[in-house]
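Heads up: the structure comes next, in structure tokens.
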There are 2 protein chains.
Amino acid sequence: MKEPLTIKDIAKLANVSQGTVSKALNNRPDIGAKTKKMILKIAEENGYSPNAFGKALRSQNSNTIGVIFRKEDIPLRNSFFSRILEGIEGELAFNRMNLVLYLMPDSESKQLPEMVREKRVDGVILVGTGNADFLKRLQQYSIPTMLVDPRQRMNDGPKLLIDNKSGAFMATEHLIQHGHRKVAFISGELSRPSFAERLQGYKNALTHYDIDIRKQYIRHHGFEAGYELTKSLLNEPDPPTAIFAANDINAVYAYKAINEAGLQVGEDISLVGFDDIDLGRLATPALTTIRVYKEELGSVAVRQLRDIIYEDSELHYTTIIPVKLIERDSVKTIVPDS
Amino acid sequence: MKEPLTIKDIAKLANVSQGTVSKALNNRPDIGAKTKKMILKIAEENGYSPNAFGKALRSQNSNTIGVIFRKEDIPLRNSFFSRILEGIEGELAFNRMNLVLYLMPDSESKQLPEMVREKRVDGVILVGTGNADFLKRLQQYSIPTMLVDPRQRMNDGPKLLIDNKSGAFMATEHLIQHGHRKVAFISGELSRPSFAERLQGYKNALTHYDIDIRKQYIRHHGFEAGYELTKSLLNEPDPPTAIFAANDINAVYAYKAINEAGLQVGEDISLVGFDDIDLGRLATPALTTIRVYKEELGSVAVRQLRDIIYEDSELHYTTIIPVKLIERDSVKTIVPDS
DNA sequence: ATATTTTTCTAAATCGATTTCGAAACTTTG
DNA sequence: CAAAGTTTCGAAATCGATTTAGAAAAATAT
């Protein structure tokens, strides 16, 4: 019911000018110690909070950043992206900043989202997206931008990448060290750099251990196509004994295909995933996978973006976040044929 | 590089006053048709977008709403809440509104989030949360609030509920109609009204079909305790032939326990879940469940909140969103003992 | 005690929009 | 054609904060 207090009200209550109140609240130098204390007390007692828009209008920054996901990425149902969002939110909240969320329809690269055109946000974080067009437009607006696991590698802005190659190497190596020589690879579209890099890591591991790379063991298609891919792999004349799935979702689909073929994961077929989402932990047997530090991805993105926005940090890093092998129960040690 | 244009710049370009520009852009009556057209053209050509803060400051509304989830609810990793968020985002984007996201630590009921104290948002949607304290404080601020599946049923604000009782009835009835007489119930803490209501629906169904309610078939504990609960159910002297899990997550845990006991879901034990999250669809065999229209929950919340905020709708509905049985492969028809 | 410096405060301008009120231009009517 | 009524426009106030420049007060130096 009661209208919220403005700085003018506080000024009246404290018998000073609103300029003085502003100085007290913002720790400005030219103010006396006792007046300051007095003003702060009054503000506190009356539960005063400065109006965000008045503040933003004058100071030209809003203390909020925009977070953009692709709508098509099933960004939120997919716990991978959700965790990144959690990381971003946590770090922003820690810095008492606000998060405005935008899910970008794939079609809409024509125009920038309103929040940036209207200057609502001090910077944006693009997760799993960012085509050249869109980025160019952002740059014209000269709004600080941070890319997280972008869909395109060619761009000069600051960005965070996942150590896909090492991770895929570790995953494949893990299978090899457990005696597997016939290791297949499944993934979504290779147009996604992350998948392409994971394929590269897989190949590197095979090469490193002097194992032939078999074309027919490498399958990629669509995003959640793990079910079909696995089914066809199992029908190979010389089927693999192990599969490295370039992401956990596809790995879980592989479970389904394997089960339906009357086989058992971790027994007849070994499986390693990538990402470490909850799904894998819940599967039976629990999925061995490469953990991506998703919250970390989010919080680091915020920290770096804050540096760029508020500290005028000029350096535009490309940061590669490491990954880690998480051993669970989906890999069986076997004796190699050869 | 180029500073964004202000309304003053457009006014200069069009050789009119800024007031006139404002009228043109906002479809005000007292403006000539040709000047209006001319101004709009100039604004368009120069890619002008009004500054959100200037606008918000003057018009006293921000065109953004705050969305609050519980941090402890694993709100985002859990696709249930994610879908609700998607629904909210979609409806807001449709209305060209902004979404600021806040994950509330459970402890923090002492203070309202900054976004509301600073008047950053025109209204808030609380999903799966809202204790009495917090709500009272919100009311003092007289900020329009919408509750979605709240954790407390005693409050007068407008709210959206899930038809838990009917859903649970349908789920249980489905099992009964497939010949099951020994139907167990598992859920998280009954302090959550949603679980309590689902238990009630379960009991109603049993009663309706003249089946005794057996205390030892009703288990509830923790949030993701489905694994242990199911394990102990299977160890009963007279174990159930079917289980109704009050949410899909617990159902998926039940899969794990059942598998580990050497039994098969949809064969030795029938299972029905509640919520219809992706996990259930992915499980083998796919989980029969009660679908909750999660996106709908989100979009309806936004529509009703918009009515309250912008249309001064005084009526504070309690809306109950229906649910639907989704038959998949986790229920087997059996011949009842009796 | 006066002059000078330093500290503390206030009044006013500003950020970018909207809105009000009155003036100017244009229509309609007698 | 003059009077009355309508439209269309612009100047200025306003929203709630911050910041600047200068005045007043206090502290220090001469």
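Values below: all heavy atoms of this structure, side chains included; hydrogens, waters and symmetry mates excluded. Every chain is numbered from 1 and lettered A, B, ... according to where its sequence line falls, protein lines coming before strand lines.
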Legend entry - Side-chain H-bond candidate by donor/acceptor type, A:R151 with A:N131, under 3.5 Å: no

Protein N or O to nucleotides 5-7 of chain D N or O, pairs below 3.5 Å:
none

Inset, instruction - Return no unless some side-chain N or O of A:S59 is found under 4.0 Å from OP1 or OP2 of D:dA17. - result: no

Inset, instruction - Rounded off to whole Å, could you give me the CG-to-P distance for the B:N61 and C:dT18 pair? - result: 11 Å

Inset, instruction - Looking only at side-chain atoms of A:S17, point me to the closest of C:dC9, C:dT10, C:dG16. - result: C:dT10

Legend entry - side chain to side chain donor-acceptor pair (under 3.5 Å) involving B:S299 - partner list, sequence neighbours excluded: none

Legend entry - Under 4.0 angstrom between A:R28 side-chain N/O and D:dT18 OP1 or OP2: no

Inset, instruction - Taking atom types as modelled, find out whether B:S17 and B:T20 have a side-chain donor-acceptor pair closer than 3.5 angstrom. - result: yes

Set out, line by line, the N/O atom pairs under 3.5 Å between protein and nucleotides 12-14 of chain C.
{"unit_1": "C:dT14", "atom_1": "O2", "unit_2": "A:R58", "atom_2": "NH1", "d": "2.7"}

Inset, instruction - Say whether B:E114 and A:S49, considering side chains only, have a donor N or O and an acceptor N or O under 3.5 Å apart. - result: no

Inset, instruction - Check the distance between C:dC9's P and A:I31's CD1 and give it to me in whole angstrom. - result: 6 Å

Legend entry - B:R28: side chain to side chain donor-acceptor pair (under 3.5 Å) partners, not counting sequence neighbours: none

Legend entry - Phosphate-side-chain proximity, A:K23 and D:dT19, N/O vs OP1/OP2 below 4.0 Å: no

Legend entry - B:T20 side-chain N/O to D:dG10 phosphate OP1/OP2 under 4.0 Å: yes

Inset, instruction - For B:K8 and C:dC15, give me the distance from atom NZ to atom C1', rounded to whole Å. - result: 9 Å

Legend entry - Of B:A33 and A:L5, the one whose closest DNA chain D nucleotide lies more 5': B:A33

Inset, instruction - Tell me which residues in residues 36-46 of chain B put a heavy atom below 4.0 Å from DNA chain C, sorted by number, or none. - result: none

Inset, instruction - Report yes if at least one side-chain N or O of B:N26 is closer than 4.0 Å to OP1 or OP2 of C:dT18; otherwise report no. - result: yes

Legend entry - Pairs meeting criterion side chain to side chain donor-acceptor pair (under 3.5 Å) with involvement of residues 53-69 of chain A, two or more places apart: A:S62-A:D122

Inset, instruction - Look at B:Y48 and C:dA17 and indicate whether a side-chain polar atom (N or O) is within less than 4.0 Å of OP1 or OP2. - result: yes

